[in-house]
Amino acid sequence: MSYRTHTCGELTVRNIGERVTLAGWTARVRDLGGLVFVDLRDRYGKTQIVALMSSPTAEFFKSLHNEDVMQVIGTVQARPTGMANRQMPTGEIEVAAESAALLSQAAPLPLGVEDEEEASEEVRLRYRYLDMRRPRLMNNLLLRHKALQSVRRFHDEQGFVEVETPFLIRSTPEGARDYIVPSRVQPGCCYALPQSPQLYKQALMVGGVDRYCQITRCFRDEDLRRDRQPEFTQIDLEMAFVDEEDVFAHTERMMQRLVKDTLSLDIDLPLPRLNYFDALARFGSDAPDLRFGLEISRLDAQFRGAGFRAFDEALANDFSVFGINAAGKGELSRRERVELEERAKSEGLPGLLTVPVSSQGLGGALGKLFDATRTAELLRVMESKPGDLLLFAAGEERSILTGLGRLRRRLAEQWRLISKGEYKFCWVINPPLFEVSADGELTPAHHPFTSPIAADIDKLETEPLKVCAKAYDLALNGFELGSGSIRIHSPRLQERVFKAIGINIEEARHRFGFLLEALGYGAPPHGGIALGFDRIVMLLAGETNIREVIAFPKTNVASSLMDGAPTPVDDQQMAELGVKWINISKNT
RNA sequence: GGGGAUGUAGCUCAGUUGGUUAGAGUGACGGCCUGUCACGUCGUAGGUCGCGAGUUCGAGUCUCGUCAUCCCCGCCA
C-alpha cells in the first residue's frame, strides 16, 4: 500500500465520501478536549484532520509535536455549515481520521516553520531544510524550477544542443580569482574551477556545434554582494554564423518566453538599446534602472563662468558638473536636504548642492548667482519647473557619474518611485574594447576574444582606448543580467588585439592554451552571451537578495552555515596532495 | 583591504542618565476545554546579555579588542 493517495493540497468537495491516505508534517494541533484538529502539511498545501474523543486516533493526535511526520487514513467529509475556511483551498472539507501512524518524530524546532519572516538570516541558513518548509523559500525554489524548464525547452525547440563542459579546468590569470583544486596524480599542479565555460564554448563552435546552450555552475573567488555568490548559475549560450542582431533576437525571445512561462507577463520586443556611454551619462551605470526618471544632465556649459566657486574650480581642473532634477521635491525641509547631502557623500560624491526651484527662479546658493538667462537655460536643460529640487555635483567625470548613479537608485527607493512587478529590460551596447587597469596597463574590458566593431579596427594600434567592442550587456531593473559579445574568429585579428594589450602570440598561447590554436583550424564567425540565472530568478521572484532563490547559499565570507564549509582537512589528505599551509592566522 | 548596522530565553524583540532578583510575545512542557483553523484558558521550565579585556563601589548599558550575520566601497576579464 502506498504512503499516500493524495497530497495535502488537492482534496475538495469533489472528494467527499472518499477514503484517502495522507502523509505529511504536523503543522498544528488544536486540542479542544473532546475534539482534536490537526493541520497536515506538505509542499502542496494543508488539510485539516479531525478526530472525535471517541475515535481511537484522538489520543495519538493529542500526543503529536509540531512537525512530527505522520500518515492518516480517513474519509473526506464536508465541514459543518458555517465552519468552512475560505482562506484555504481545502477549507471546505476535512478528513475524519480512522487511523494514523507516526512516521518520524520531530524535536522542538529552532525556527518557526509556520510564521513568515520570523527568523534571522543566520538561523535560516543554518537550518535551511526547515526554512524550505516555509512558503517563501519553497515558492522561490518552485519558480526557479519553472524558469529552468522554460529556458531548456526554449533552447531545445530552437535546435540548441546542451553540452556539458568540465569543472576541472586550466587556471588562467585573467579576470576573477580562481578557485583552485590541487591534483593528487600530478603533484605541484592545480586545476581551477571555471569562472565561465568561455573557452570551451568557443571550442564547441570550432567543432561545429553551431548552437550551444548550457545551464551551468560557475565559480569566482571574489567578495560577495547581495547579487553575487561564489558559485552561481549561468545560462551560457553561443551560436555560429551569427552577428549581434541574431544574439539580441534570440536572447530577447528567450527572456520573453521566460517571463511569460513564470509570471504570465508579456514583454514587448525588441528591447530598448542604449549605447554604453549614453547609459553612463544618463544613468550613471552600465546597468541602468529604467523604471524611474531622475536622469543625469551634463551642465558644464550652464555653470561655466557662473561664479559658483567650488564648481568653477572643478571646471578649471577639467572636471565636470552634473545634475539631477528631483521633480516635485522642492518642498524638502532644510534637514531633509542636509540628509540628502550626507547620503551623497556616503555614495562617494565629494558633495551635493541642492537647489529648490520656485516660480521666482532658483533658490539656495544659486539664487543670487544665476541671472534670468542662465536660469532659464539651466531649467530648460534639466527639464525643470517650479516645485522641483535640483541636485548638483562636480568632479572627475566617471566618479561623479557613478556616484550620482548610486544616489539615483537610493533616492528612487527612498521616494518610492518604483512600482512593484515592473520589468524594464535594456541592452547596453558597444562598450570600449579596452580599459586602463589600476597599474596603468591596457586590459580587455570584457575578455580578450571580444571582437572590435568593424569601423574601429583601424584604431587598434593608434587609439586603442577609442575602439568599441561588439559586446553587449543585458540589464533588468538596474541589475546586470549578463553580457556577451561577437568573438574574434580570425587568428590575425586576434593577434592584433593581443599585441594592443602588450602580449605576444607565444605568451597568449601559453595563457589561453588551445583556443588560439583552435581558431586557426577553421573557426566560424560566432558569438553568444552568458546570463546570470540566479539574478534573473531573484528579480522574477521579487526578491532583493540572490540567497532567496538558492537552496543552499553561502554567507558573506563564503561559509555554508548548514554544513560548516569550508573546514580544515586532515594532514593525510593534504600530504597526498603535496600541499602545506603556511602562515595560517585564523580558523585553524 | 576599508566603511556602516546588528548580536539579550529555542525563535522574534524590549530593556530609560551605569543601580536591587534582566522582561514581553511566541515556541517547549503539564492541566482543563466538542467545531477549531494564529483555538481558548490555567500553570511550569527556560539566560555565559556573542566572546575577551578594561573603566567603575557597581556594566546588558561606557571604552578597547575579537568573532559571527547583513549592507556598501574596493574587487567581480
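So you know, we letter chains A, B, ... as the sequences are listed, proteins then strands, and number each from 1.
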- Query: Which part of the nucleic acid, if any, lies within reach of V557(A) when heavy atoms closer than 4.0 Å are counted: base, sugar-phosphate only, or nothing?
  - Reply: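 Sugar-phosphate: the residue V557(A), judged by heavy atoms under 4.0 Å, touches backbone atoms but no base.
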Distance criterion of 3.5 Å, no angle test: do you see the side chain of [X] paired donor-to-acceptor with the base of [N]?
{"X": "D31(A)", "N": "C33(B)", "value": "yes"}
{"X": "R225(A)", "N": "C70(B)", "value": "no"}
{"X": "R28(A)", "N": "C37(B)", "value": "no"}
{"X": "E67(A)", "N": "G27(B)", "value": "no"}

Donor-acceptor pairs under 3.5 angstrom involving side-chain atoms of residues 82-90 of chain A: please list them, not counting sequence neighbours.
residue: N85(A); atom: OD1; partner: Q87(A); partner atom: N; Å: 2.8
residue: T90(A); atom: OG1; partner: K46(A); partner atom: O; Å: 2.6

Determine the interatomic distance between [atom1] on [N] and the same-named atom on [M]; round to the nearest Å.
{"N": "G58(B)", "M": "U66(B)", "atom1": "P", "value": "26 Å"}
{"N": "C39(B)", "M": "G23(B)", "atom1": "C1'", "value": "26 Å"}
{"N": "G10(B)", "M": "A28(B)", "atom1": "P", "value": "14 Å"}

Taking 4.0 Å as the cut-off, does a side-chain nitrogen or oxygen of [X] come that near to OP1 or OP2 on [N]?
{"X": "T555(A)", "N": "U69(B)", "result": "yes"}
{"X": "R406(A)", "N": "C72(B)", "result": "no"}
{"X": "N66(A)", "N": "G27(B)", "result": "no"}

- R409(A) to F479(A), cation-pi by 6.0 Å centre distance and 45° axis angle: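 That pair qualifies as a cation-pi contact.
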- Message: Would you call the rings of F514(A) and Y200(A) parallel, tilted or perpendicular, taking 30° and 60° as the class edges?
- Response: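 Ring orientation, 0 to 90° scale: tilted.
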If you check the [X] side chain, which of [options] turns out closest?
{"X": "N556(A)", "options": "U36(B), C70(B), U12(B)", "value": "C70(B)"}
{"X": "F37(A)", "options": "G74(B), C70(B), U36(B)", "value": "U36(B)"}
{"X": "R220(A)", "options": "C76(B), C71(B), U34(B)", "value": "C76(B)"}
{"X": "P80(A)", "options": "G35(B), G74(B), C70(B)", "value": "G35(B)"}

Using nucleotides 42-46 of chain B, report all nitrogen or oxygen pairs with the protein that are shorter than 3.5 Å.
none

- Tell me which of G33(A) and R30(A) sits closer to the 5' end of RNA chain B, going by the nucleotide each one is nearest to.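 Counting from the 5' end, the first nearest nucleotide belongs to G33(A).
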- Just jot down the salt bridge (Lys or Arg N to Asp or Glu O under 4.0 Å) partners of D39(A), sequence neighbours excluded, or say none.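 Only R30(A) meet the salt bridge (Lys or Arg N to Asp or Glu O under 4.0 Å) criterion with D39(A).
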- Item | All salt bridge (Lys or Arg N to Asp or Glu O under 4.0 Å) counterparts of D227(A), not counting sequence neighbours |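 Per chain and number, D227(A) pairs via salt bridge (Lys or Arg N to Asp or Glu O under 4.0 Å) with R535(A).
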- Query: Rounding to a whole Å, what distance do you find between H65(A):NE2 and G10(B):P?
  - Reply: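 From H65(A) NE2 to G10(B) P: 18 Å.
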- Message: Just to verify, what does F449(A) make a ring pair (Phe, Tyr, Trp, His ring centres under 6.0 Å) with, not counting sequence neighbours?
- Response: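 So F449(A) forms a ring pair (Phe, Tyr, Trp, His ring centres under 6.0 Å) with H447(A), F512(A).
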- Query: Among all residues two or more places apart in sequence or in another chain, which pass the ring pair (Phe, Tyr, Trp, His ring centres under 6.0 Å) test with F533(A)?
  - Reply: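 Once residues adjacent in sequence are excluded, F533(A) has no partner under the ring pair (Phe, Tyr, Trp, His ring centres under 6.0 Å) criterion.
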